[in-house]
Amino acid sequence: MDVLLHIPGLLESTMAANQQTQDKGMLLETICCQQFQLDHWRNDWTKLNLNSAISIPISHGSHSLSPFLASYLSSGIRTNTTQQAIELICYHSAMFLLGQLKRLLEGHGPKQDIITSIAYHEAVNSSEVLPNAANPLLLPDRTKMPWQHGLEGLRILAGFCGGSSSNAGLYLAFAPIGILYCFSEYLGIQQMVISMISGEDWAEDAEQEMGPYRLFSLDALPSEQGNVAEIDSSFDRSSVAQRLFINNSWP
């Protein structure tokens with residue numbers, strides 16, 4: 001999992017202003033390489049962790065979901081060990097973020113890209129991306145879009161939190177939680193994620209801590225994303241490398 005230590009630099013480089021075409025090409029190549037290495041790790045993980053997970057039912061509470069998302073999130077994933085859950089949550093969070101960086105470099109806005117892509121798959125080929133009860137874990141060869149990693153991360157997080165609620169000594173690093181939470185904001189289900197983690201609302205300063213994990217379109221106009229100064233404030237570049245995927249955050 002050492003490859004994850006390169007993500008802060010990729011994040012900062014991708015979000016830097018006035019990217020040159022050549023720089024974008026190099027970053028895309030680097031991101032694709034990181035994705036390949038992580039998928040290679042994931043395939044090896046499968047060989048070492050056979051029959052490691054089961055599907056468990058989860059409740060959506062009062063949250064209104066489309067049939068497609070409801071099918072995805074009607075079950076969580078519980079692994080045999082806490083370590084397995086942490087490793088998979090880290091993997092899917094990293095893959096989701098890498099996929100988002102790649103889409104940004106290709107000129108897509110993060111939120112609208114996710115919403116549009118989910119709507120397309122819901123209408124056209126939902127059976128190809130919905131979870132399989134017999135094989136609950138989403139494998140790399142079945143994963144085509146970044147949001148699939150996001151949903152898979154949420155399902156594993158639900159199973160992890162549901163199985164560890166009685167043990168106050170267990171915890172997850174903030175980085176994968178922050179990434180999955182910001183993804184849930186795109187879908188309007190952030191309260192569902194908060195309930196999965198803590199069962200209560202977060203304080204305002206916790207919301208501010210999410211700043212480094214929120215991505216903005218590279219060509220966003222002030223009228224679309226608010227004042228430029230607010231964007232710079234929300235994305236604190238000086239703190240990203242210190243707070244995102246640091247050494248001791250990973251198993």
Side-chain angles (χ1 to χ4, degrees), residues 7-8 11 14-15 58-74 76 89-90 92-104 108-122 129 145-158 160-161 172-228 230-237 239-240 243-245:
I7 290 181
L11 179 60
T14 301
M15 297 302 292
I58 58 175
S59 173
H60 301 143
S62 59
H63 303 286
S64 177
L65 299 173
S66 72
F68 182 69
L69 290 178
S71 296
Y72 239 115
L73 298 174
S74 62
I89 290 171
C90 289
H92 285 292
S93 299
M95 286 295 287
F96 172 77
L97 190 67
L98 287 171
Q100 286 294 92
L101 296 182
K102 185 176 179 181
R103 298 296 283 169
L104 278 172
H108 298 270
K111 179 176 181 178
Q112 192 57 45
D113 180 57
I114 284 178
I115 294 173
T116 302
S117 179
I118 288 179
Y120 172 80
H121 283 81
E122 181 177 13
V129 293
M145 302 297 296
W147 55 263
Q148 288 178 269
H149 285 290
L151 290 175
E152 188 77 348
L154 292 180
R155 295 180 69 221
I156 298 169
L157 179 62
F160 173 84
C161 292
L172 272 173
F174 186 68
I177 295 294
I179 292 167
L180 292 175
Y181 176 78
C182 289
F183 164 68
S184 73
E185 283 187 324
Y186 295 152
L187 305 180
I189 58 173
Q190 60 268 37
Q191 287 300 319
M192 176 179 169
V193 175
I194 292 174
S195 297
M196 289 189 328
I197 298 171
S198 64
E200 59 186 32
D201 289 341
W202 291 350
E204 185 177 345
D205 57 348
E207 288 282 341
Q208 294 174 353
E209 287 291 308
M210 298 296 177
Y213 310 98
R214 291 189 175 99
L215 304 184
F216 301 101
S217 177
L218 296 177
D219 57 354
L221 298 174
S223 60
E224 297 173 339
Q225 297 282 8
N227 185 275
V228 174
E230 293 176 359
I231 294 177
D232 288 340
S233 175
S234 178
F235 186 86
D236 183 0
R237 291 187 178 87
S239 66
V240 171
R243 296 162 65 187
L244 183 64
F245 299 111

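Residues Ile89 and Gly153 approach most closely at CG1-O, 4.4 Å, considering heavy atoms. Nearest heavy-atom pair across Gly150 and Phe183 is C-CE2, 3.4 Å. Considering all non-hydrogen atoms of both residues, Ser93 and Leu180 come closest at OG-CG, 3.7 Å. When all heavy atoms of Gly76 and Ala158 are compared, the pair lying nearest together is CA-CB, 4.5 Å.
Formation of a donor-acceptor pair under 3.5 Å by the Ser74 side chain with backbone atoms of Ser71 is found in this model. In this structure a side-chain-to-backbone donor-acceptor pair under 3.5 Å is present from Gln148 to Met145.
For Lys111, the side chain to side chain contact (heavy atoms under 4.5 Å, CB included) criterion is met by Ile115, Tyr186, not counting sequence neighbours. In this structure, the ring-ring contact (aromatic ring centres under 6.0 Å, His included) partners of His92, at least two apart in sequence or on a different chain, are His149.
Between the CD1 atom in Ile179 and the OG atom in Ser184 there is a gap of 12.5 Å [rounded to 0.5 Å]. Distance check: His121 NE2 to Tyr72 OH gives 9.0 Å after rounding to the nearest 0.5 Å.
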Step-by-step side-chain contact (heavy atoms from CB on, under 4.5 Å) determination, Ile118 to Leu187
CA-CA 10 Å; Ile118 288 179; Leu187 305 180; 3.6 Å; yes

Stepwise, does the side-chain contact (heavy atoms from CB on, under 4.5 Å) test hold for Phe96 with Leu151?
CA-CA 9 Å; Phe96 172 77; Leu151 290 175; over 6 Å; no

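Using a 4.5 Å heavy-atom cutoff, the side chains of Arg103 and Pro146 are in contact. The shortest distance between side-chain heavy atoms of Ile189 and Leu73 falls below 4.5 Å.
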